[in-house]
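Worksheet for the structure shown next.
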Amino acid sequence: MIAIILFCLNVILYYVSTLFQFEPTYTIGLWTFLSIVGVLFAFKAAKPSVKIIGLILNGAFLLFSILLIIALFIQA
């Protein structure tokens, strides 16, 4: 359950940071950290359905943040 809450926190952080145009280098690190913690909590989930949903959602956001990090390195 915590993994799904962390994913929702990631999405809220993403929308707030794009709405107020925060510096992406600061928020991408936080997205990545929250996604990694969400994946770890998803592995520890007791229910298989929560485990699968948490892994898919947090894994997708982790992939998104890694791709953004790669794009920032290419752009710089």
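Every value quoted in this text rests on a predicted model; they were computed, and no experiment measured them.
Taking the side chain as every heavy atom from C-beta outward, L57 and F61 never approach each other to under 4.5 Å.
The line from CD of Q75 to CD1 of I70 is 14.0 Å long, rounded to the nearest 0.5 Å. Atom CG of L6 and atom CG of L40 lie 10.0 Å apart (nearest 0.5 Å). Distance check, rounded to the nearest 0.5 Å: CG of L62 to CG of L55 gives 11.0 Å.
By the criterion of side-chain heavy atoms lying less than 4.5 angstrom apart, applied directly or through intervening Ile, Leu, Val, Met, Phe, Trp or Tyr residues, L68 is not grouped with V39; the two fall into different hydrophobic clusters. The cluster map of Ile, Leu, Val, Met, Phe, Trp and Tyr, joined by side-chain heavy atoms under 4.5 Å apart, puts L34 and I4 in the same cluster.
Between G54 and A42, the shortest heavy-atom distance links the atoms C-CB, 3.7 Å. Residues T27 and L13 come closest through the heavy atom pair O-CD2, 4.5 Å.
Residue pairs meeting the side chain to side chain donor-acceptor pair (under 3.5 Å) criterion with at least one member in residues 57-71, sequence neighbours excluded, are T32-S65. For residues 33-56, the pairs satisfying side chain to side chain donor-acceptor pair (under 3.5 Å) are N10-S35, with sequence neighbours left out.
Every residue two or more places apart in sequence or in another chain that forms a side-chain contact (heavy atoms from CB on, under 4.5 Å) with I56 is listed here: I52. Not counting sequence neighbours, the partners of I12 by the side-chain contact (heavy atoms from CB on, under 4.5 Å) test are V16. Every residue two or more places apart in sequence or in another chain that forms a side-chain contact (heavy atoms from CB on, under 4.5 Å) with L63 is listed here: L67. Not a single ring-ring contact (aromatic ring centres under 6.0 Å, His included) links F33 to another residue, sequence neighbours left out. Under the ring-ring contact (aromatic ring centres under 6.0 Å, His included) criterion, Y14 pairs with W31, F64, sequence neighbours left out.
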